[in-house]
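Naming convention: chains lettered A, B, ... in sequence-line order (proteins, then strands); numbering from 1 in each chain. Note that these values count all heavy atoms, side chains included, but never hydrogens, waters or copies made by symmetry.
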Number of protein chains: 2
Amino acid sequence: MKKYIHISGDLRNKILAGEYKSNDKLPSEKDLGAHYEASKMTIKQALDILVSEGLIIKRRGSGTFVKDLSKKEIDRIAIINQFRGKTAENPDKQVTSKVLDFSVVKADPFIQNKLNISEDDFVYHIYRVRYLNGSPTVIEETHMPIDVIPGLKKETLQASIYEYIEEELHLKIQSGHRTITVRKATDFEAEELALEKGDPVGVAEQIGYLVTGAAFEHSVSVHRYDKFVTEMILTRN
Amino acid sequence: MKKYIHISGDLRNKILAGEYKSNDKLPSEKDLGAHYEASKMTIKQALDILVSEGLIIKRRGSGTFVKDLSKKEIDRIAIINQFRGKTAENPDKQVTSKVLDFSVVKADPFIQNKLNISEDDFVYHIYRVRYLNGSPTVIEETHMPIDVIPGLKKETLQASIYEYIEEELHLKIQSGHRTITVRKATDFEAEELALEKGDPVGVAEQIGYLVTGAAFEHSVSVHRYDKFVTEMILTRN
DNA sequence: AAGTGGTCTAGACCACATT
DNA sequence: ATGTGGTCTAGACCACTTC
């Protein structure tokens, strides 16, 4: 186990368990270094993880403090800021899919640009309605370059593509760039998502990248307005 | 100037200028260290900034590579992931406000919990419609503890509260925790935002924190659906 | 085997806040 | 003046990829 992971995990537990409370001052980096038998840089690395999670605040000159979080915020914080597929995001729910289209096409200019591929490259076109516990939740339209993600089968679409990519192809997913907008449902979307015409939908457009740096997916997902939540932590420089 | 800021800035410029192109390999950390006369840890710190911005990817054993970004993605990347007020987010537009309510009230239990204050604490209640270039864009309802942000005047609300906090009170804003949802506009919201009844709105609920760790605002902002965009970069682990 | 990034150290000096 | 976190160094060893 990496030392800084161990230290940040240990401190996170103590905060979540209430051993350090809101606004409490943590021991200094020097003291923590003595306690964990680690150098200052390692302690700093551990604390910076908790800063990025929004749990603590460091103030040069005064010390490190537990943020003034409400209980709900603390519960929330363990979960967010992860990049996962729908299946992994909802471990407690049954995720199923209706496949509207699954084909191989030439990428149009829009997709070419998003995936940074040339006009001769082929992509999968995957168009699915996805259900959580049987109720329609989101319509996803995904394009993936066949060169990057080969061998997709229709039965894979019923389950988790991300799992296929990581477990079967042994590729590693690194990051995603996501843009969220809001609009009215089209007639088709309303029908598939069991909404009224013109009801709100949340739209997430996303480009996914592998650790190799290659863009492996462009997807647009249209969510029922009552089942769309997204959370983030913003920091100031 | 901090050395790692200088190095990451220099490399960012080279990437954005196309000096390093998509999928290009950057010099090794050792070589960069020689070039910039910096130690390995400092180079690492500089590169990690670019990783968090989504510009590059590091692969142990092989090297550091420019991500396979489309041109648009590259342009986008300079902007996002900052925590700022509406005024600062729209430097090119004129931001004005209509103040619907400005009062001091006792915090109700919901707000108490969000701001982590007690039932005896007073908060400002600020309720504004905000206009970009004269057209209604968002309705914001904000609560701020008067103990944390004293001396708010009605004329401040016409402009930028964030500016008041930083310039006048000399407090430093550190971070925000934001949750985004989608729903139908209420009749009141539709009227103020010049929408039809039941049209979509994007809702951002946010808690803001100072560098002291104190929660200084809870706000719910209801956005016209055609003027609501939010962008983020997600990473795995 | 050679080269890469990841982790870690022991210490230095600096910028800032508090006393 | 003291204590804090921020930056930086010069090196060590490790895990991983590529040849």
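Partners of K3(B) under the side chain to side chain donor-acceptor pair (under 3.5 Å) rule, at least two apart in sequence or in another chain, do not exist in this structure. Applying the ring pair (Phe, Tyr, Trp, His ring centres under 6.0 Å) rule to Y4(B) yields no partners; only residues at least two apart in sequence or on another chain are considered. Legend: residues meeting ring pair (Phe, Tyr, Trp, His ring centres under 6.0 Å) with F65(A), ordered by chain and number and at least two apart, are absent. Under the side chain to side chain donor-acceptor pair (under 3.5 Å) criterion, T42(A) pairs with S39(A), not counting sequence neighbours.
Nucleotide dT17(D) holds its P atom 13 Å from the CG atom of L171(A), rounded to whole Å.
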Just distance, no hydrogens or angles: give the donor-acceptor pairs under 3.5 Å from side chains in residues 30-38 of chain B, sequence neighbours left out.
from, atom 1, to, atom 2, distance (Å)
Y36(B), OH, D10(B), OD2, 2.5

Inset, instruction - Would you mind building the protein contact string for nucleotides 3-9 of chain C? One character per nucleotide, 5' to 3', B for base within reach (heavy atoms under 4.0 Å), S for sugar-phosphate only, - for untouched. - result: BBBBBBB
